[in-house]
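First the proteins, then the strands, lettered A, B, ... as listed; each starts at 1.
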Number of protein chains: 2
Amino acid sequence: MARTPRNTLSSDLVVRTALELMEAKGADGFSLRGVAGELGVGPMALYTYFRNKDDLYDAIRDHLMGLMPPPPEGLPWPDQVRSVCRDLRVLMLQHPCLAQLLASRPLSGHETARVAEGLLSVLRSAGFEPEIAARTHTTLFTYVLGATTWEIQMAAEQSDPDSLRRLRASMESLSSRDFPTVIELAPELARTTGGETQFDYGLDLLLAGLTVRTAS
Amino acid sequence: MARTPRNTLSSDLVVRTALELMEAKGADGFSLRGVAGELGVGPMALYTYFRNKDDLYDAIRDHLMGLMPPPPEGLPWPDQVRSVCRDLRVLMLQHPCLAQLLASRPLSGHETARVAEGLLSVLRSAGFEPEIAARTHTTLFTYVLGATTWEIQMAAEQSDPDSLRRLRASMESLSSRDFPTVIELAPELARTTGGETQFDYGLDLLLAGLTVRTAS
DNA sequence: ACCTGAACACCGTTCAAGT
DNA sequence: ACCTGAACACCGTTCAAGT
């Protein structure tokens with residue numbers, strides 16, 4: 001908007017402006033040209049600070065990961081793990097674009113490494129061997145990613161009355177001969193597409209599985 | 001490519017052409033104009049069969065879900081559940097675009113309902129109450145979605161030598177004072193970004209958790 | 001180093017029109 | 001119903017140039 005004079009741009013300002021735009025217009029409506037327009041510069045000005053769009057995405061992701069609190073200290077390890085996973089879910093809900101940024105790009109950057117360090121060190125301190133700690137870390141991360149991505153997507157869909165109407169229509173077109181269980185459980189399925197209870201249900205299954213593993 | 005005369009188009013032909021294009025050029029390179037070009041028609045010809053791009057996406061997803069085999073019969077329920085989850089992972093690996101199609105759109109369509117019916121009926125037959133069956137279904141689905149999306153994305157990244165080089169560089173720039181565990185477990189983390197062993201590890205944690213639950 | 005401006009090769013979708 | 005053609009309002013990125 002405002003004509004920005006020379007040498008007032010910085011990679012940090014670009015990231016913050018990009019993040020604002022992404023949360024205002026959604027990950028789909030986001031564009032480099034939009035960011036440039038918001039900053040009052042030409043689209044090519046951004047290429048001074050980022051090699052391309054993906055490079056900017058990485059920077060936004062790392063910026064958001066910087067908002068993750070460290071794991072709580074002085075608790076049993078299952079509670080520490082639960083806390084980290086819940087914090088990541090909450091951060092993703094607060095910044096829905098983070099889901100796409102995490103899923104589509106490999107983890108890199110300082111803040112992202114800090115979050116990984118936190119969870120991995122909890123697992124190592126709990127006595128997990130290197131390979132099991134790594135496998136558990138990946139399992140927990142991908143669960144949070146999948147569960148919360150799904151939750152965000154379904155919430156977005158349900159806030160659009162048009163697509164919600166079409167979804168109901170497609171549900172009702174299903175024959176109760178062919179799909180008796182889907183029809184029977186339709187209310188329960190609608191209720192379990194998100195929410196903290198659903199998230200904790202899956203997380204506690206994983207933690208229960210881990211507890212069994214460590215006991216033997 | 002070929003000039004298609006009138007009345008030779010059909011929604012099924014459009015879906016199959018779109019799927020081919022999506023697997024040849026990747027989900028990013030995919031476009032309605034590309035599909036139309038491949039069919040030798042103008043872009044607007046597709047709007048006779050689909051309301052918009054998302055509508056076509058839904059049709060492609062349902063087409064792919066039609067390739068899912070039914071759950072195996074005559075096995076203990078944990079083996080049935082494992083089989084369905086593994087089948088979905090394999091299908092996603094064979095058709096990488098399915099990951100994005102599942103994550104970005106709500107589940108609708110006949111074939112998608114059939115897959116849900118299969119897993120839900122396994123859970124109900126195993127004695128799960130309606131709400132627990134629904135929660136378990138969502139948990140399993142989101143785990144497979146998250147784990148396999150991650151696996152596909154990391155495989156794509158590692159096949160690009162340029163981004164692999166930059167990833168290694170960013171790993172080596174991490175100080176071993178600040179990130180001792182990440183550095184220590186770097187080889188294990190690289191090994192656990194995908195593969196059947198990693199997938200089964202998380203899946204078995206969930207199943208172990210479910211077994212504990214049903215026993216009590 | 002930092003930024004502009006024009007250009008290239010694209011998008012999805014609307015609208016009016018033709019058969 | 002089925003499809004065309006022109007138009008609208010966009011994209012990311014390259015390239016040459018200016019300060």
Closest to side chain of A:Lys53, choosing from C:dC3, C:dA6, D:dG12: D:dG12

Close aromatic pair by centroid cut-off 6.0 Å: A:Phe199 and A:Tyr143: yes

Pair A:Thr181-B:Ser121, side-chain donor/acceptor within less than 3.5 Å: no

Pair partner, D:dT14 [Watson-Crick or wobble, under 3.5 Å]: C:dA6

Cationic N near anionic O, under 4.0 Å, A:Glu188 to B:Arg135: no

Between C1' of C:dT14 and CG of B:Leu32, the distance in whole Å: 14 Å

Most 5' of A:Arg51 and A:Gly29 on DNA chain D, judged by nearest nucleotide: A:Gly29

Sugar-phosphate only, base, or nothing, as touched by B:Tyr49 at under 4.0 Å among non-hydrogen atoms: sugar-phosphate

Shortest side-chain distance from A:Met44, nucleotide among C:dT4, D:dG5, D:dC2: C:dT4

Rounded distance (nearest 0.5 Å) linking atom CG of A:Asp54 with atom CZ of B:Arg166: 8.5 Å

A:Asp200 and A:Arg82: CA distance, side-chain angles, deciding distance, salt bridge (charged side-chain N to carboxylate O under 4.0 Å, His left out) verdict: CA-CA 8 Å; A:Asp200 282 348; A:Arg82 209 190 322 267; over 6 Å; no

Within residues 14-23 of chain A: residues closer than 4.0 Å to DNA chain D (heavy atoms): none

From A:Ser159 atom OG to A:Met154 atom CE, the distance as rounded to the nearest 0.5 Å: 11.0 Å

Whole-Å gap separating C1' (D:dG12) and OH (A:Tyr57): 10 Å

Spacing of B:Leu13 atom CG relative to D:dC2 atom P, expressed in whole Å: 14 Å

Value in whole Å for how far the P atom of C:dC11 lies from CG of B:Leu56: 14 Å

Between D:dT13 (C1') and A:Asp54 (CG): distance, integer Å: 13 Å

Base partner of C:dA1, which must satisfy Watson-Crick or wobble distances under 3.5 Å: D:dT19

Between C1' of D:dA9 and CZ of A:Arg33, the distance in whole Å: 11 Å

Interatomic distance where CG belongs to A:Asp55 and P belongs to D:dT13 [whole Å]: 10 Å

Spacing of A:Tyr47 atom OH relative to C:dT4 atom P, expressed in whole Å: 14 Å

Spacing of the P atoms in C:dC10 and D:dA9 (rounded, Å): 22 Å

Sugar-phosphate, base or nothing in reach of B:Ser31, heavy atoms under 4.0 Å: sugar-phosphate

Donor + acceptor pair across side chains of A:Glu111, A:His63 (<3.5 Å): no

